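All values derive from a computational prediction rather than experimental measurement. So you know, we letter chains A, B, ... as the sequences are listed, proteins then strands, and number each from 1.
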Amino acid sequence: MPRTNDTVEAALTEYADLLSILTEDPYKPRSYEKAGRSVGGYPDDLAGMDRKQILKIPNVGASIGEKIEEVVRTGTFEALEELRAQIPPGVRGMIAIPGLGPKKAIVLYRDLGIADVEDLRRAVDEGRLADLKGFGAKTEENIRRGIERLSQSGQRVLASVAMDLASELIERLGSRRDVRKIAYAGSLRRMAETIGDLDLLVASDRAAAVMDAFASDRVVERIVAKGEAKTSVLTRQGMQVDLRVVPRDAWGAAMIYFTGSKPHNIRIREMAVRKGLKLNEYGLFKAKSGDLIVAENEEEVYAQLGLPWIPPTMREDRGEVEAALEGSLPDALTRKQIRGDLHTHTNLTDGLATLEQMLEAASAFGYAYYAVTDHAPNLFMQRMTDEKMLAQREQVRKLQDGYPKMTLLHGTELNIDGEGNVDWDAEFLDGFDVCVASVHSLFNQSKDEMTRRIVHAMENPNVHVIGHPTGRIINKREPVDLDLDEVFKAAARTGTALEVNGYPDRLDLKDEHILWARRHGVKFSVDTDSHATTHLDHMRFGVATAQRGWLTKDDVINAWPLSKLKTFLRKGR
DNA sequence: GCCGTTTTCGGCCCGACTGTTTTCAGTCG
């Protein structure tokens, strides 16, 4: 079930889209779009708010405030219904086609009666766009390709997949002499959970040569656009990659610009304007004289705007600029602050590596502690038994001598059954150093059942961490239906940590849920759920997700010293 | 429609690229 805020955001965004199609005024749609985003990112639930509180939301004034109340009450608002009556819903769908915006969409509808993407596809095939003013042969071809791309792509890729492509391109282009600096930016640098386009930034004095090399790289299927400063290509896998080349002394300003997010950039550019300055990808300038102030690195640019450097993972216009201004921007968790991994597997169950191999690989990360948490018996396919588990514990204790700097913790990943009970009784569970408990079955329970189930598991004094709390698999499986507010309250009350699972297709809890849970005083465990030695490095995605949820080392139990962690694991007993 | 270190009107981020035009609108990020 979507949160009320999400419903309201969707309504405002749809209204903004319809306005952009039906009116000339470019500012009004933008207002609704901004208000929608503010509402979506607002921490409090709109359902319980009165008008005065609603008007405190940034970018929400009297007019939009009234409409928000209407949506909370009825699920929609009158003005939206009026616009919906004017054009078919499919026209809005057409502006999702790359290269086709609101202005062309309305011409297609008004002049040819084209009402959705399918109509448009037929019209293009039949050559009916030919006599339309403003639509030439190339536009027609671009629309044809845009429709194709929309139907096949639409699917954003996991951050880990984009990261691999970025590494490959950076390695090849970065080895060129005329490439002084190269880095990925965009949503990958912000470590969003999925990536639409890959953005690469290069510092070079020979832009044309670098872009030629890029455009003829082996991964390139087709060149989408190529100019003096920017080239866009489509890879064979269907991913768009944008390359921007700037002079080296503009690196910092360009990185800010290219990293985004777009709303974050707009916020800081507006700040610049108010200070009589102008910010673009070439630097921060005095508005009147055009004199350059700074450009070379990000810290300087932020500093001149009166801001501390803001980590890319927090640049989402979720209040980070305001927090930075008042000096309350949290010190985001860093990879270095992670002292151990509390959720990992071996080949005793479904892992690929032996206990010895996992420990050896983990010790390379310099961890102070490390937990082995193989699956418990009720996940029957794993064929776990009490004997096997106890034998593993013996083995772990023996291997401890080989790791003087890393305390080995013996744990397990329990299964939360339909009623919220777990595999073993208290006596057996007492033998573990740490217990993660997760849902692995009955994903389709009702919201009430699922919520009761997880809360019951958290009330078990031997359950320390709830693993991948919503169970979603990105692009594959929906999250389970949960009353998250109840779950977060119970986690705080029982002293149970919620996992931030760093496995790239889980990232569970996700950033927005973390922000929400954190306000309830919940503690978190940032883990990899590794099933192979190579998975241990997924901690980078877990930490990035934690940063996107504004977590600090104080919020994260595996960033604590072992003694403090052990106190937490006693759950107040 | 929102907002205020140019405060209750008059702005609203900024630049690159494309395509169809003859100087610019549309789209994108």
Just call it for A:K275: base, sugar-phosphate, or nothing, with non-hydrogen atoms closer than 4.0 Å on any strand. nothing

With sequence neighbours left out, what residues match A:K262 under side-chain contact (heavy atoms from CB on, under 4.5 Å)? A:I266

Within this structure, what is the NZ-to-P distance between A:K34 and B:dC3, rounded to whole angstrom? 8 Å

Against the side chain of A:Y257, the closest entry in B:dG29, B:dT6, B:dG26 is B:dG29

B:dT8: pairing nucleotide in any strand, Watson-Crick or G-U under 3.5 angstrom: none

Can you tell me how far P in B:dC2 sits from the matching atom in B:dT6, rounded to whole Å? 23 Å

Just compare B:dG29, B:dG1, B:dC17 and give me whichever is closest to any side-chain atom of A:K262. B:dG29

Calculate the interatomic distance between A:K28 atom NZ and B:dG10 atom C1'; express it in whole Å. 17 Å

Distance between C1' atoms of B:dT8 and B:dG4 (Å, rounded): 9 Å

Of the listed B:dG1, B:dC13, B:dT20, the closest approach to the A:K138 side chain comes from B:dT20

Give the nucleotide from the list B:dG26, B:dT18, B:dC3 with an atom nearest to the side chain of A:K103. B:dG26

Of the listed nucleotides B:dG26, B:dC3, B:dC13, the one nearest the side chain of A:K104: B:dG26

Checking B:dG1, B:dA16, B:dC13 against the side chain of A:E281 (C-beta onward), the nearest is B:dA16

What nucleotide, of B:dG29, B:dC17, B:dG19, holds the atom closest to the side chain of A:D199? B:dG29

Supply the atom-to-atom distance A:R318 CZ to A:S38 OG, rounded to the nearest 0.5 angstrom. 12.5 Å

When the ring centroid of A:Y282 is compared with that of A:Y257, is the distance short of 6.0 Å? no

Using a heavy-atom cut-off of under 4.0 Å over every strand shown, decide if A:P98 touches base, sugar-phosphate, or nothing. sugar-phosphate

Reckon A:L277 touches a base, only the sugar-phosphate, or nothing at all at heavy-atom distances under 4.0 Å? nothing

With P as the reference atom in both, quote the distance from B:dT23 to B:dC13 in angstrom, rounded to an integer. 28 Å

With a non-hydrogen cut-off below 4.0 angstrom, is A:A35 in contact with a base, only sugar-phosphate, or nothing? nothing

Taking only the side-chain nitrogens and oxygens of A:N142, find out if one of them lies under 4.0 Å from OP1 or OP2 of B:dG19. yes

Using the side-chain heavy atoms of A:R244, tell me which of these nucleotides is nearest: B:dT27, B:dG1, B:dG15. B:dG15

B:dC17 and B:dT21: how far apart are their P atoms, nearest whole angstrom? 22 Å

A:N265 side-chain N/O to B:dC13 phosphate OP1/OP2 under 4.0 Å: no

Once you apply a heavy-atom cut-off of 4.0 Å, does A:A16 come out as touching a base, just sugar-phosphate, or nothing? nothing

Atom P, compared across B:dT18 and B:dG10: separation rounded to whole Å: 39 Å

So which nucleotide from B:dG29, B:dC2, B:dC17 ends up closest to the side chain of A:D242? B:dG29

Look at all strands and tell whether A:I64 reaches a base, only sugar-phosphate, or nothing, counting heavy atoms closer than 4.0 Å. sugar-phosphate

Rounding to the closest angstrom, what is the interatomic distance between B:dC12 and B:dG19 at atom P? 30 Å

Can you check whether A:G471's main-chain N or O pairs, donor with acceptor, with A:D508's side chain at less than 3.5 Å? yes

For the pair A:R190 (side chain) and A:T259 (backbone), establish whether a donor and an acceptor sit closer than 3.5 Å, ignoring hydrogens and angles. yes

Any A:Y282 side-chain N or O less than 4.0 Å from OP1/OP2 of B:dC13: no

Run the side-chain contact (heavy atoms from CB on, under 4.5 Å) test against A:S216 and tell me which residues pass, sequence neighbours left out. none

Which part of the nucleic acid, if any, lies within reach of A:I268 when heavy atoms closer than 4.0 Å are counted: base, sugar-phosphate only, or nothing? nothing

A:T139 side chain N/O closer than 4.0 Å to the phosphate oxygens (OP1, OP2) of B:dT20? yes

Just wondering, more than 12 heavy atoms not from A:D45 lying within 6.0 Å of its CG? yes

Taking 4.0 angstrom as the limit, do A:R172 and A:E168 come out as a salt bridge? yes

If stacking means aromatic ring centre less than 5.5 angstrom from the base's six-membered ring centre, planes under 30°, is A:Y27 stacked on B:dC2? no

Taking only the side-chain nitrogens and oxygens of A:K230, find out if one of them lies under 4.0 Å from OP1 or OP2 of B:dA16. no

Taking atom P in both B:dT22 and B:dG15, compute the distance separating them and give it to the nearest angstrom. 25 Å

Quick one: label A:K133 by what it contacts on the DNA or RNA (base, sugar-phosphate, nothing), any heavy atom closer than 4.0 Å. nothing

Hey, does A:P58 reach any base, or is it just sugar-phosphate, or nothing, if we go heavy atoms under 4.0 Å? sugar-phosphate

